[in-house]
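This report concerns only the one structure given below.
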Protein chains: 2
Amino acid sequence: MEQAKRQTISTLDAGSRTLADRVCHQLKDDIITGRLSQGSKIVEEDLAREHGVSRGPLREAIRRLEAMHLVQRIPHAGARVVTLSEKMMSDVYSVREALEGMSARLAAEFIKPKEVDELWLLLEQHEKNIDETEGTVYFQREGDVDFHIRIAQASQNQLLVKSLSSELYQLIRMCRYRTAKAPSRPTKALGEHRQIVDAISRRDGELAEILMRRHISGAWQIARELLLKDHHD
Amino acid sequence: MEQAKRQTISTLDAGSRTLADRVCHQLKDDIITGRLSQGSKIVEEDLAREHGVSRGPLREAIRRLEAMHLVQRIPHAGARVVTLSEKMMSDVYSVREALEGMSARLAAEFIKPKEVDELWLLLEQHEKNIDETEGTVYFQREGDVDFHIRIAQASQNQLLVKSLSSELYQLIRMCRYRTAKAPSRPTKALGEHRQIVDAISRRDGELAEILMRRHISGAWQIARELLLKDHHD
DNA sequence: TAGCATTGGATTGTCAACAATATGAAGCAG
DNA sequence: CTGCTTCATATTGTTGACAATCCAATGCTA
């Protein structure tokens, strides 16, 4: 009954037991929100002083950010914040499509009854949030990520969960942040989520995969159009 | 004309510019070949002394191995070599299927004419190697990895290349090492590779993806049967 | 003036000592 | 005898100083 405490994934919690954890968490947010601008160079000593830690923990933090694809590092030459070009974002969505498509397929095969119930419950909460907040879809976005992560967990594939939640998740958040001004279409997304859960609960893996891939590739189309519009202003 | 020198991926070359690079490379091989047995605990100071470096570079090496999913680390509790259970291997092959399926699909869309020629050339060399070595299929295995990496590169998706070659590649090698006693079926694999390249060169992404996924899931079936047999001896 | 070697400064890589934390054994209460 | 507490030890986390490397500005030569 106390396994819930141990279950928290280290990359998600902010309470961080170690200095490197805390600095990594802060830097991660700084990069995603743009406080550390894209392409800017990272100087270890400066950042270390700025965050009140030694270079050791900071180096570890940077290495973890590298694993999240948030910084690019070259030996002896230093690290730079990743530049999120349209091409890069396209790459991210492609990988997402592949990984989450497999997620949905496996989830249909291996999901536990309890997890199905929890998914339906989650979607109900989403619907309420949409009705209440109407225009303010920020919470919906967080919930959206939650939804996708839960599907991955339902697949019972630990490597998939790790790849998505630890390695790709932050990059996805960064993409979202750039196209956050979108009016979005939470209702449509919710409907698609429902279809996916429905397919999964009916154990139709093939359909679940197709729906999930269409869902993600659709999201990319919307995001892409937004980027093009931004280019024209 | 000198871009070829710079093109070498840091995670692949053994000549390593930094101590952490070299130690990481050595540890990686130690884990894959079993010199560091699965599940064994990793003590920083011991390994550092053993490899003639300080704890600093060794810690970095371990963190990189963690990013390759070769070791699991718990704060303040230390790191252990990953245990490659059948379930774990199954997870790896599922992720491979998703990622490399997308690779093939994108390659069909974006591959350059020059790369198509190089792929056909590669397959010819494989055929020669099979004829010459007959039973000794070790080189084929190396070449096989080369084939899959090249498809990823042909997809023009940098994230895909990185995910496969840096993060998953070593885990795949480790799986292979466990099922290496297999008589394998290089000729059959070669035929499947041909089909895949054929589909790609005809720009049929959908088919290329299906063929690639079937190819990988087939390889897993073979490997799985081998594991079951091993269990019975 | 253009091109190249040199050198100074900045930045990363490496080291060894110190502090914080967890693991396991021993002792004690119940 | 069992379960908990306490404490010693081993191991990881952190720090600041030192060495190796790279980058750019400077001056020299043709």
Side-chain angles (χ1 to χ4, degrees), chain A residues 1-3 5-8 10-11 13-28 31 36-37 39-67 70-82, chain B residues 1-3 5-8 10-11 13-28 31 36-37 39-67 70-82:
Chain A
M1 70 187 193
E2 60 197 48
Q3 61 191 3
K5 205 193 317 184
R6 208 87 187 94
Q7 202 176 8
T8 46
S10 64
T11 50
D13 68 27
S16 32
R17 297 215 162 284
T18 171
L19 282 186
D21 280 341
R22 202 181 59 212
V23 174
C24 180
H25 185 78
Q26 288 180 5
L27 284 178
K28 186 193 62 185
I31 291 176
L36 250 56
S37 61
S40 66
K41 188 174 184 192
I42 290 178
V43 179
E44 295 180 0
E45 201 171 319
D46 296 354
L47 275 189
R49 198 173 342 104
E50 197 170 324
H51 286 262
V53 298
S54 154
R55 270 183 59 210
L58 188 118
R59 277 172 73 92
E60 171 160 352
I62 289 181
R63 265 166 241 131
R64 281 195 227 166
L65 293 173
E66 192 189 5
L70 255 38
V71 308
Q72 295 169 327
R73 215 167 58 102
I74 299 171
H76 294 282
R80 307 191 86 89
V81 177
V82 70
Chain B
M1 68 185 194
E2 61 197 49
Q3 60 191 4
K5 204 191 322 183
R6 207 83 188 100
Q7 201 176 6
T8 45
S10 63
T11 50
D13 68 26
S16 35
R17 296 217 162 284
T18 171
L19 282 185
D21 280 341
R22 203 181 58 212
V23 174
C24 180
H25 185 79
Q26 288 180 6
L27 285 179
K28 186 193 63 187
I31 291 177
L36 252 56
S37 61
S40 65
K41 187 173 184 191
I42 291 177
V43 179
E44 294 180 0
E45 201 170 318
D46 295 354
L47 275 190
R49 198 172 343 104
E50 198 169 324
H51 286 262
V53 299
S54 155
R55 271 182 58 210
L58 188 119
R59 277 173 73 93
E60 171 160 353
I62 288 182
R63 265 167 240 130
R64 280 196 227 164
L65 293 174
E66 192 188 6
L70 254 40
V71 308
Q72 295 169 327
R73 217 168 55 102
I74 299 172
H76 293 282
R80 307 191 87 89
V81 177
V82 69

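Each chain gets a letter, A, B and so on, in the order the sequences are listed, and its residues count up from 1.
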**Report entry** Among D/dT15, D/dG13, D/dT12, the one nearest A/Pro57 by side-chain distance
**Finding:** D/dT15
**Report entry** Atom of B/Ala48, atom of B/Leu58 and distance for their closest heavy-atom approach
**Finding:** N-CD1, 3.5 Å
Requested in this report: Mind running side-chain contact (heavy atoms from CB on, under 4.5 Å) on A/Ile62 and A/Arg59 for me, showing each step along the way?
Outcome: CA-CA 5 Å; A/Ile62 289 181; A/Arg59 277 172 73 92; 5.7 Å; no
Requested in this report: Measure from CD1 on A/Ile74 to P on D/dC23 and round the result to the nearest Å.
Outcome: 9 Å
Report task. Give a yes or no on whether the backbone of A/Gly39 and the side-chain of A/Arg80 come within a donor-acceptor separation of less than 3.5 Å. Result -> yes
Query raised in the report: Given D/dT14, is OP1 or OP2 found less than 4.0 Å from the side-chain N or O atoms of A/Arg22?
Result: no
Query raised in the report: Just one of B/Arg63, B/Arg55, B/Arg73, B/Arg49 clears the salt bridge (Lys or Arg N to Asp or Glu O under 4.0 Å) bar with B/Glu44, so which one?
Result: B/Arg55
Query raised in the report: OP1, OP2 of D/dT12 versus side-chain N and O of A/Thr18: anything below 4.0 Å?
Result: no
**Report entry** Whole-Å gap separating P (D/dT15) and CG (A/Leu58)
**Finding:** 10 Å
Query raised in the report: Does B/Arg59 place a side-chain N or O at less than 4.0 Å from the phosphate oxygens OP1/OP2 of D/dT12?
Result: no
Report task. Using a 4.0 Å heavy-atom cut-off across all strands, classify A/Gly56 as base, sugar-phosphate, or nothing. Result -> base
Query raised in the report: Nearest heavy-atom pair of B/Leu27 and B/Ala61: which atoms, and what distance?
Result: CD1-CB, 4.4 Å
Report task. To the nearest Å, give me how far apart CZ (B/Arg17) and P (C/dT11) are. Result -> 21 Å
Report task. Send over the distance from B/Arg55 CZ to D/dT15 C1', rounded to a whole Å. Result -> 12 Å
Query raised in the report: For A/Ile42, which contact category applies under a 4.0 Å heavy-atom criterion: base, sugar-phosphate, or nothing?
Result: sugar-phosphate
Query raised in the report: To the nearest Å, how far apart are A/Arg80 CZ and C/dT12 C1'?
Result: 15 Å
Requested in this report: Return the value, rounded to whole Å, for the distance between atom NZ of B/Lys41 and atom P of C/dA22.
Outcome: 13 Å
Report summary line: Assert: residue with more 5' nearest nucleotide on DNA chain D, out of A/His76 and A/Val53, is A/Val53
**Report entry** Spacing between B/His51 atom NE2 and C/dC15 atom C1', to the nearest angstrom
**Finding:** 18 Å
Report summary line: note: A/Glu45, atom CD; C/dG13, atom P; distance rounded to Å ~ 13 Å
